[in-house]
Amino acid sequence: MPISRFMAMTLGHPQWGYYINRDPLGSTGDFITAPEVSQMFGELIGLWCAERWKALGTPDRFILAELGPGRGTLMADALRAGRAAPGFAAAALIHLVETSPVLRDAQKAALPNWNITWHNRIADLPPGPTIAIANEFFDALPIRQFQRAEDGWHERMVGRRDDRLCLLLNPGMVPSAPLSGALQSAPIDAVIEVSPARTAAMAELAQRLVSHGGAAVIVDYGHEASAPGNTLQAMRGHGYVDILATPGAVDLTAHVDFQALGEAARQTGAHTWGPVTQAAFLNQLGIAARAHALQRNATAAQVEAVSAALHRLTGRGQMGQLFKAMAVTADGDAPPPGFEEA
Ligand code: SAH
């Protein structure tokens with residue numbers, strides 16, 4: 001089967017899927033995400049959303065959507081910080097796109113005083129002006145991989161040999177159509193990745209912004225420009241493991257190609273901003289000042305924890321450089337906060 005099918009099944013199978021059965025986040029889980037590192041991340045995104053709500057003309061009702069909200073931590077922090085903008089939280093209709101029953105329960109618990117509507121797909125969101133957040137959502141959507149052999153491009157497939165899963169090349173040749181121009185000249189043995197699922201999700205989201213107004217902020221690990229490279233990875237217990245060894249029990253993801261995502265958004269007529277590094281994004285939103293405020297009247301241990309979180313979120317060699325932020329807006333008048341210097 002293509003890697004995309006393997007990813008979709010191991011992550012989302014209704015019975016055996018990785019996300020369907022567990023809460024993978026946090027120190028006792030398999031990986032940790034920015035909102036779980038520090039409240040500062042969700043707070044700054046909440047202020048970003050409040051500013052975008054003002055840019056929309058402070059509508060009485062708007063859809064505040066999050067894609068893949070995990071434990072609901074980001075949304076809870078965002079709504080708390082959003083109280084700084086009077087009227088923002090009261091106008092927000094919370095819509096969460098989430099396929100995991102376990103995580104839907106966690107989201108419900110994290111947002112006890114909110115009326116929440118859940119959806120399985122972006123396409124199911126109701127019409128209306130929308131402000132959307134996606135942190136580490138796109139990396140979980142399936143990718144396909146192609147490898148260049150002497151005779152041309154072949155798809156990398158998951159197969160079985162001696163009763164074990166293995167990766168092999170589909171002997172059939174791939175028409176060059178699914179590969180974008182620059183990638184076709186990659187050297188022999190090069191692996192390239194494309195993701196129809198991500199492109200479709202982004203197009204759906206951007207089309208909705210164009211039709212109804214609004215903005216989205218997408219944060220994920222990945223690269224600014226499409227380039228060859230095998231980035232498929234499996235994580236368990238905060239370490240990298242064999243992608244084929246225990247399907248359904250490990251988190252399987254691949255880096256996000258922000259060039260491809262941006263092109264998918266712009267094809268709908270939406271505007272894109274960035275990507276910028278997560279460090280640049282959070283610094284422009286004022287994370288240093290927020291850290292400082294939290295450290296006032298804090299214990300020595302708390303001061304230390306805030307400094308460590310700031311470093312983790314913005315440091316080089318930490319999440320600051322590998323992670324990128326991109327914004328999508330319906331109109332292209334002015335850059336949203338965090339993207340002014342992009
Ligand atoms: N945004 C959260 C969680 C990231 S983990 C955070 O930053 O902590 C990925 C999230 O996307 C999980 O909530 C997972 O259940 C959800 N998810 C994965 N694949 C999905 C899909 N195809 N449709 C909707 N949600 C999905």
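When a ligand or atom number is given, it counts from 1 through the structure's own listing order.
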| query | Do you see a donor-acceptor pair shorter than 3.5 Å between the side chains of N120 and T99? | reply | no
| remark: If you compare I122, L103, T99 by their heavy atoms, the one closest to atom 25 (N) of ligand 1 turns out to be T99
| note | Atoms of ligand 1 under 4.0 Å from any heavy atom of S100, numbered from 1 in the order shown, are 15 (O)
| field | Residue P35 vicinity, atoms of ligand 1 by number, heavy atom under 4.0 Å | value | 6 (C), 7 (O), 8 (O)
| request: For T33, take its heavy atoms, then give the atoms of ligand 1 lying under 4.0 Å from any of them. | output: 6 (C), 7 (O), 8 (O)
| task | Would you check if there is a donor-acceptor pair between the side chains of R156 and Q147 at a distance under 3.5 Å? | result | yes
| Looking at R71 and E36, does any basic side-chain N land under 4.0 Å from a carboxylate oxygen? | yes
| message | Please list the nearest protein heavy atom to atom 4 (C) of ligand 1 with its residue and the distance rounded to 0.1 Å. | response | E136 O, 3.5 Å
| task | Pick, from N135, D251, T253, I20, the option with the minimum heavy-atom distance to atom 7 (O) of ligand 1. | result | N135
| Centres of the F258 and F138 rings: under 6.0 Å? | no
| note | If you compare G17, G68, A140, G12 by their heavy atoms, the one closest to atom 3 (C) of ligand 1 turns out to be G68
| Given W118, Y19, F138, which one has a non-hydrogen atom that is nearest to atom 5 (S) of ligand 1? | Y19
| said: Under a 4.0 angstrom heavy-atom cut-off, which atoms of ligand 1 come close to E98? | reply: 12 (C), 13 (O), 14 (C), 15 (O), 16 (C), 25 (N)
| With the threshold set at 4.0 Å, does a side-chain nitrogen-carboxylate oxygen contact exist between D251 and R236? | no
| query | After noting the C-alpha distance and the side-chain angles of L96 and H119, does the key distance pass the side-chain contact (heavy atoms from CB on, under 4.5 Å) rule? | reply | CA-CA 6 Å; L96 305 180; H119 308 275; over 6 Å; no
| query | Which of the atoms in ligand 1, numbered in the order shown and given with their element, are less than 4.0 Å from a heavy-atom of G70? | reply | 2 (C), 3 (C), 13 (O)
| said: Angle between ring planes, W48 versus F339, binned at 30° and 60°: parallel, tilted or perpendicular? | reply: perpendicular
| query | Only one of R208, H95, R52 forms a side-chain hydrogen bond (donor to acceptor under 3.5 Å, both in side chains) with T130, so which one is it? | reply | R208
| request: Pull out every atom of ligand 1 sitting under 4.0 Å from any heavy atom of F137, numbered as shown with elements. | output: 23 (N), 24 (C), 25 (N), 26 (C)
| field | For L141, the ligand 1 atoms whose distance to one of its heavy atoms is below 4.0 Å | value | 22 (N)
